[in-house]
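Start at 1 and go down the list; that is how both ligands and their atoms are numbered. For this chain, numbers begin at 1 and follow the sequence in order.
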Amino acid sequence: MAKSVTVKQPILRLEESRRQYARATRVLVGGVNSPVRSFMSVGGEPLIVERGEGPFIYDADGNEYVDFICGWGALILGHARREVLQAVQATLEKGTILGLTNELEIELAERIIEAFPSIELVRFVNSGTEAAMTAIRLARAYTGRRKILKFEGCYHGHLDYLLTKAGSGLATYSLPASDGVPEEITRDTITVPYNDADAVESVFKQAGPEIACVIVEPIAGNMGVVPPKQGFLEALREITERYGSLLIFDEVITGFRVARGGAQELYGVRPDLTCLGKIIGGGFPIGAVGGRAEIMKLLTPTGRVYQAGTFSGNPISMSAGIATIDLLTPQLYERLEHLSSTLERGVVEAAKNSNANILTNRVGSMFSLFFTDRRRVENYSDVQSSDRARFTQLFWEMVRRGVLLPPSPFETIFVSASHDEAVVKRAVEAFAEAFRVIGEAA
Ligand code: KE4
């Protein structure tokens with residue numbers, strides 16, 4: 001049971017953040033444009049940030065933080081990477097939205113197809129939400145079926161029929177579902193525990209011929225990081241094939257993150273459709289859905305599944321995505337692995353030295369820690385049993401020490417290629433002091 005803790009505000013100077021946040025709340029709902037930024041889940045006022053540079057982010061008071069939010073996973077190269085900015089500046093010289101197809105869209109799509117053998121055709125959209133929405137519409141059209149199976153704690157964006165027992169902001173605010181979504185919209189959405197292939201099998205035994213698709217984060221990143229158990233993804237592949245349903249991998253986080261070809265490269269399981277986002281936009285708004293040509297061709301204009309978007313494939317997002325992907329070399333992934341494993345080892349060591357009971361889950365440069373005595377965290381209920389109050393204490397102790405974790409235990413700590421050994425060492429030292437303070441306060 002979470003112990004109630006008084007959240008001591010950081011000792012940093014935060015007056016300007018406070019002033020700007022007060023102003024923001026007068027014109028923006030909750031003072032934010034996405035709920036997880038409100039810091040409500042960690043019981044305090046949010047930072048207002050001014051700029052980012054490499055692994056650092058600076059708030060309105062000029063405080064410097066080592067950033068582990070990294071644009072919620074979009075910034076695998078870190079903030080303001082020179083090559084990305086130069087590519088965008090060169091594109092801007094030719095205008096902004098051009099309104100018709102531009103070569104940059106072809107270039108980025110070719111890179112995605114080269115990295116993802118399961119993808120034969122791509123459609124760019126402007127967010128991960130749109131990618132998931134389009135993928136599900138395609139699955140329903142292709143199979144002629146209505147039902148969708150998703151997993152507790154997975155988040156695929158804020159589309160009506162997937163806002164059931166979702167992760168990210170819904171988990172943060174303990175919302176089993178969202179208001180404003182009529183019951184008949186989610187009636188066809190079946191939700192089972194993550195990593196539970198038996199539950200999937202039994203649902204398919206009952207309703208398999210009605211199920212259009214299974215949508216899954218192949219490595220969950222919206223309940224903290226929860227990797228797939230051995231054989232889980234293979235089971236989803238086998239079951240969906242057996243019943244003629246489609247398998248959708250939501251790789252909005254994992255695409256180009258855990259490997260150039262995402263989780264499907266790492267685990268060797270090929271979905272029918274893939275959702276992408278974040279990294280492929282290089283820090284600009286983006287989403288994409290890709291898959292087998294026979295499915296993708298159902299989209300307008302070649303098919304009857306309507307989908308459209310004013311800014312889809314816009315040159316700015318395309319050029320930032322191309323510049324980013326062209327820097328994702330095998331050496332870069334080796335460096336990310338080295339930095340991330342160093343960080344994880346340091347955090348585990350620091351916690352042990354302060355008798356803080358934590359468990360870490362990590363896949364490549366996606367990392368989470370949970371305050372729990374459990375030996376494994378494999379699904380949403382395991383995550384929910386962790387001590388959120390302790391996480392809140394840790395979060396603010398780290399802010400005090402100039403290290404910015406995602407403001408929720410249901411998010412992922414991301415390491416970027418701009419983080420170096422010195423920055424990781426600084427973060428580990430901050431973790432060690434924070435665990436000590438928390439331990440003393442216990
Ligand atoms: P967007 O619509 O926010 O671009 O993408 C939705 C989405 C889809 N699929 C996965 C696996 C995702 O993680 C996301 C969005 N991730 C959250 C953070 N966990 C975005 C941050 C936010 O909501 O502000």
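- Within ligand 1, the atoms closer than 4.0 Å to a non-hydrogen atom of Ser127 are 2 (O), 4 (O), numbered from 1 in the order shown.
- Between Phe39 and Phe395, the ring center distance clears the sub-6.0 Å criterion.
- A salt bridge between Glu130 and Arg137 is absent, with no side-chain N of the basic residue lying under 4.0 Å from a carboxylate O of the acidic one.
- Closest protein heavy atom to atom 2 (O) of ligand 1: Thr129 OG1, 2.6 Å.
- Distances below 4.0 Å separate heavy atoms of Ser34 from the following atoms of ligand 1: 22 (C), 23 (O), 24 (O).
- Residue contacts with ligand 1 for Ser168 involve side-chain atoms from C-beta outward but no N, CA, C or O (heavy atoms, distance under 4.0 Å).
- Contact check on Arg260 versus Glu265 returns no salt bridge, with no Lys/Arg side-chain nitrogen under 4.0 Å from an Asp/Glu carboxylate oxygen.
- Using cut-offs of 30° and 60° for the angle between ring planes, the Tyr243 and Phe204 rings count as tilted.
- Ring centroid separation for the pair Phe232 and Phe151 comes in under the 6.0 Å cut-off.
- Remark: Arg51 qualifies as a cation-pi partner of Tyr58 under the 6.0 Å distance and 45° angle criteria applied to the six-membered ring.
- Within the 4.0 Å heavy-atom criterion, the part of Val36 lying near ligand 1 is the side chain and not the backbone.
- Under the 4.0 Å criterion applied to side-chain N and carboxylate O atoms, Arg111 and Glu114 are not assigned as salt-bridge partners.
- Phe116 and Phe256 have perpendicular rings, their planes meeting at more than 60° on a 0 to 90° scale where under 30° would count as parallel.
- Taking every heavy atom of Ile253 and a limit of under 4.0 angstrom, the matching atoms of ligand 1 come to 13 (O).
- Of all protein heavy atoms, the one lying nearest to atom 10 (C) of ligand 1 is Tyr155 O, 3.3 Å.
- The protein heavy atom nearest to atom 21 (C) of ligand 1 is Trp72 CG, 3.8 Å.
- Below 4.0 Å from some heavy atom of Glu217 lie the following atoms of ligand 1, by number and element: 11 (C).
- Interface atoms of ligand 1 facing Glu411, defined by a heavy-atom separation under 4.0 Å, are 18 (C), 19 (N).
- Atoms of ligand 1 lying under 4.0 Å from at least one heavy atom of Gly157, given by number and element, are 6 (C), 7 (C), 8 (C).
- From the protein, the heavy atom lying nearest to atom 9 (N) of ligand 1 is Asp250 OD2, 2.7 Å.
- Distance from atom 8 (C) of ligand 1 to its nearest protein heavy atom, with residue and atom name: His156 C, 3.4 Å.
- Put simply, atom 13 (O) of ligand 1 has protein non-hydrogen atoms near it, under 4.0 Å away.
- A cation-pi geometry, defined here as NZ or CZ lying under 6.0 Å from the six-membered ring centre and within 45° of its normal, does not hold between Arg426 and Phe56.
- Side-chain contact check for Thr254 and Glu251: at least one donor-acceptor pair (N or O, by modelled atom type) lies under 3.5 Å.
- Using modelled atom types, one finds no donor on one side chain facing an acceptor on the other under 3.5 Å when comparing Tyr267 with Glu234.
- At least one heavy atom of Lys278 sits closer than 4.0 Å to an atom of ligand 1.
- Nearest protein neighbour of atom 19 (N) of ligand 1, counting heavy atoms only, is Asn222 OD1, 2.4 Å.
- In terms of protein heavy-atom proximity, atom 1 (P) of ligand 1 is nearest to Gly128 N, 3.5 Å.
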